[in-house]
Amino acid sequence: MYDRKYPGGRIVKARFKDGVEEFVTYAMSQDIVKSEGGIRCPCIKCMCGSIESVENVKAHLEKVGFMNDYYVWKHHGEREPMNINIEFDVNTDVSSSGAQAECGNFGRMQEMVGDALGVNMSYEGGGQEEIIPNNKALKFYAMMEEVNKPLYEGASDSKLSMCVRLLAAKSNWNVPEDCLEFFSKMMLDATPVKDNMPTSYYDASRLVSKLGLQVKKIDCCVNGCMLFYDNEFGTNDGALEECKFCNAPRYQVRNSDIHRKQKKVSVKSMFYLPIIPRLQRLFASMKTASQMTWHYYNKTNSNVMRHPCDGFAWEHFDTMHPDFAQDPRNVRLGLCSDGFTLCIQASATPYSCWPVIVTPYNLPPDMCMTKPYMFLSCIIPGPSNPTDGIDVYLQPLIDDLKRLWIGELTYDIARKENFTMRAALMWTINDFPAYGMLSGWSTHGKLACPHCMEHTKSFNLKNGGKASWFDCHRRFLPANHQFRKKKNLFKLDTTETDGPPPKITSYDVFHKLR
């Protein structure tokens with residue numbers, strides 16, 4: 001209900017308009033609204049203080065949106081659940097837009113807590129039998145219930161919300177840890193009840209880490225040959241202290257006394273953010289769990305491609321893997337990666353870093369490509385691009401994808417049941433040089449095009465000697481296209497009579513790689 005416009009745009013989303021219609025329909029059916037002769041407008045400006053007509057309410061909501069923290073329509077006949085702390089508002093008295101964004105994201109976390117507590121309390125009675133969540137989900141819900149208690153009686157914040165706001169301040173404004181320590185002590189001095197307040201930055205980060213969205217720091221070979229890493233698929237390199245390919249040391253060699261006990265510092269490390277817990281969190285919130293099957297219930301027969309589920313690749317995958325397609329909750333993923341320079345210094349060599357982002361495509365088009373659902377999974381260190389060794393750094397992600405293909409036990413709060421969540425990586429999104437790194441295909445030279453291959457019409461420039469693909473596109477035009485006969489608009493005195501190169505199958509590619 002708060003997802004009103006596209007990021008950076010002025011157009012109101014169709015889903016928001018449908019939600020406004022649903023709100024108006026619900027409100028008009030309530031006795032309190034009928035007795036008042038109109039609807040109390042819940043927009044940011046009116047704040048349920050004025051009674052307006054249906055048309056005015058719709059116009060106000062589409063123009064400025066709902067007022068903050070109006071998840072329960074208590075002024076329009078809806079009753080507050082007795083088991084959920086509805087009065088929690090992380091947006092209170094926040095003056096910075098950056099902090100508002102962070103706290104807005106936490107507001108969605110609060111929705112998930114409410115969903116979870118509602119499920120837990122429903123076990124004690126009721127006629128409909130529900131499946132108890134698995135142990136991981138129960139542990140998470142119990143932890144969320146504990147840390148979301150108010151700081152003190154009458155407080156609008158909980159310990160978790162304060163910790164999230166402290167960490168958001170550090171992230172948004174690059175606040176030093178010593179400054180956060182000072183803020184924590186200042187709040188402790190000013191608060192009458194000090195039991196639930198975070199005592200330090202370490203205390204805040206430790207509490208937030210219990211959400212289960214951990215980060216793994218994995219040591220790498222300085223030359224990118226391997227990871228010092230263990231898994232259940234046969235890799236047992238976590239105890240090695242030098243690379244098994246180039247014999248480069250794992251840890252920095254220090255000149256201090258060899259008998260002195262010091263913490264070993266790795267020469268090079270990468271960060272991996274596991275994707276399995278984050279995909280499971282999508283099914284822990286009522287808001288996202290119900291949207292994870294959108295692709296299945298919103299298919300179209302038109303020729304307009306609104307979503308990847310309308311394409312032939314999606315249909316072909318369902319045909320080849322009917323057991324996977326049988327459950328619409330199974331996740332289809334896309335992966336994108338590219339390099340960027342963290343900072344440019346005139347006197348030093350630029351440092352190139354490669355983030356790897358994974359996106360679930362089960363969600364509607366207006367959700368799957370937004371920031372909250374673009375999961376950063378790997379940060380590949382520099383200082384230069386990984387070239388054809390990028391698969392070494394992708395090993396933890398590949399291992400998670402193997403586990404997801406087998407299946408992970410997950411609790412679906414929308415259907416109130418446990419199920420085996422599976423996932424498949426269907427696409428990679430990248431520019432042409434990154435395509436060469438991810439696929440292993442050489443994107444240099446005359447045979448760089450993976451479609452034309454040996455049927456290419458590329459040529460070397462006369463003076464520079466570099467490969468050029470100028471005028472190679474006309475062969476893909478229809479046979480009667482006027483551009484095929486133009487002699488002076490493309491290569492001089494050249495017409496195009498050939499058709500496109502033959503399409504190769506996956507079996508042809510496999511035989512060529514053997």
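Every heavy atom of this structure was used, including side-chain atoms; hydrogens, water molecules and symmetry mates were not.
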Undergrad: Among His455, Arg475, Lys457, which one satisfies side chain to side chain donor-acceptor pair (under 3.5 Å) with Asp498?
TA: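 By the side chain to side chain donor-acceptor pair (under 3.5 Å) criterion, Asp498 pairs with just one of His455, Arg475, Lys457: Lys457.
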Undergrad: Looking only at atom types and distance, does a side-chain atom of Thr288 sit under 3.5 Å from a main-chain N or O of Leu282, one as donor and one as acceptor?
TA: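 At least one qualifying donor-acceptor pair exists.
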Undergrad: Please report the interatomic distance CG(Asp391) to CG(Leu397), rounded to the nearest 0.5 Å.
TA: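 It comes to 12.0 Å.
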Undergrad: Got a salt bridge between Lys299 and Asp310, using NZ or NE/NH1/NH2 to carboxylate O under 4.0 Å?
TA: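 Looking at Asp310 together with Lys299, the answer is no, because their closest N to O distance does not fall below 4.0 Å.
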Undergrad: Distance check, rounded to the nearest 0.5 Å: Phe312 atom CZ versus Trp314 atom CH2?
TA: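 Reported value, rounded in 0.5 Å steps: 15.5 Å.
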Undergrad: Would the Phe324 and Trp405 ring centres measure less than 6.0 Å apart?
TA: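 That pair passes the under 6.0 Å test.
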Undergrad: Ignoring hydrogens and angles, state whether a donor on the side chain of Asp219 or Ser269 is under 3.5 Å from an acceptor on the partner side chain.
TA: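 Asp219 vs Ser269: donor-acceptor pair found between side chains.
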Undergrad: Roughly how far, to the nearest 0.5 Å, is the SG atom of Cys243 from the CG atom of Leu227?
TA: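 If we round to the nearest 0.5 Å, Leu227:CG and Cys243:SG are 10.0 Å apart.
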Undergrad: Looking at His321 versus Phe317, is the centre-to-centre ring distance below 6.0 Å?
TA: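 Yes, the ring of His321 comes within the 6.0 Å limit of the ring of Phe317, centre to centre.
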Undergrad: Look at the rings of Phe470 and Phe490 and say which category their plane angle falls in: under 30° parallel, 30 to 60° tilted, over 60° perpendicular.
TA: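 It falls in the tilted class, 30° to 60°.
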Undergrad: Is a side-chain donor or acceptor of Lys485 paired with a backbone partner of Gln482 at a separation under 3.5 angstrom?
TA: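 Not a single qualifying donor-acceptor pair exists.
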Undergrad: Once rounded to the nearest 0.5 Å, what's the spacing between atom NZ of Lys491 and atom CZ of Arg474?
TA: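 These two atoms lie 9.0 Å from each other.
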Undergrad: Between Arg329 and Phe283, is NZ or CZ placed under 6.0 angstrom from the six-membered ring centre and within 45° of the ring axis?
TA: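 No, cation not above the ring by the 6.0 Å, 45° rule.
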Undergrad: Does this structure show an ion pair linking Asp400 with Arg278, if we count only N-O contacts that are shorter than 4.0 Å?
TA: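 A salt bridge is absent here (no side-chain N lies under 4.0 Å from a carboxylate O).
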Undergrad: Please round to the nearest 0.5 Å and tell me the distance separating atom CD of Glu52 and atom SG of Cys43.
TA: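 It comes to 8.0 Å.
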Undergrad: Kindly say whether the aromatic ring centers of Trp354 and Phe340 come within a distance under 6.0 Å.
TA: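 Not under 6.0 Å, so no.
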Undergrad: Given the rule in the salt bridge (charged side-chain N to carboxylate O under 4.0 Å, His left out) test, do Arg332 and Asp318 qualify, once you have shown the distances and angles that lead to the verdict?
TA: CA-CA 11 Å; Arg332 322 293 179 105; Asp318 288 350; 2.8 Å; yes
Undergrad: Could you grab the distance from atom CZ of Arg484 to atom CD of Glu496, nearest 0.5 Å is fine?
TA: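 Arg484 CZ to Glu496 CD: 5.5 Å, rounded to 0.5 Å.
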Undergrad: Cut-off 3.5 Å, side chains only: do Glu408 and Thr420 have a donor facing an acceptor?
TA: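 No, no side-chain donor-acceptor pair sits under 3.5 Å.
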Undergrad: Distance under 6.0 Å and angle within 45° of the ring axis: does Lys402 meet both against Phe233?
TA: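 Yes, Lys402 sits over the ring of Phe233.
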Undergrad: Mind telling me whether Phe66 and Phe23 have parallel, tilted or perpendicular rings, with 30° and 60° as the class edges?
TA: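 Judged by the thresholds at 30° and 60°, the geometry between Phe23 and Phe66 is perpendicular.
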Undergrad: Got a salt bridge between Asp323 and Arg422, using NZ or NE/NH1/NH2 to carboxylate O under 4.0 Å?
TA: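 Yes, this pair counts.
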Undergrad: Is a side-chain donor-acceptor pair under 3.5 Å present for Tyr296 with Asn362?
TA: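 No, no side-chain donor-acceptor contact under 3.5 Å.
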Undergrad: Using only atom types and a distance under 3.5 Å, with no angle test, would you say the side chain of Asn298 pairs donor to acceptor with the backbone of Trp294?
TA: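 Yes, the answer is positive, given that a donor and an acceptor are paired below the 3.5 Å cut-off.
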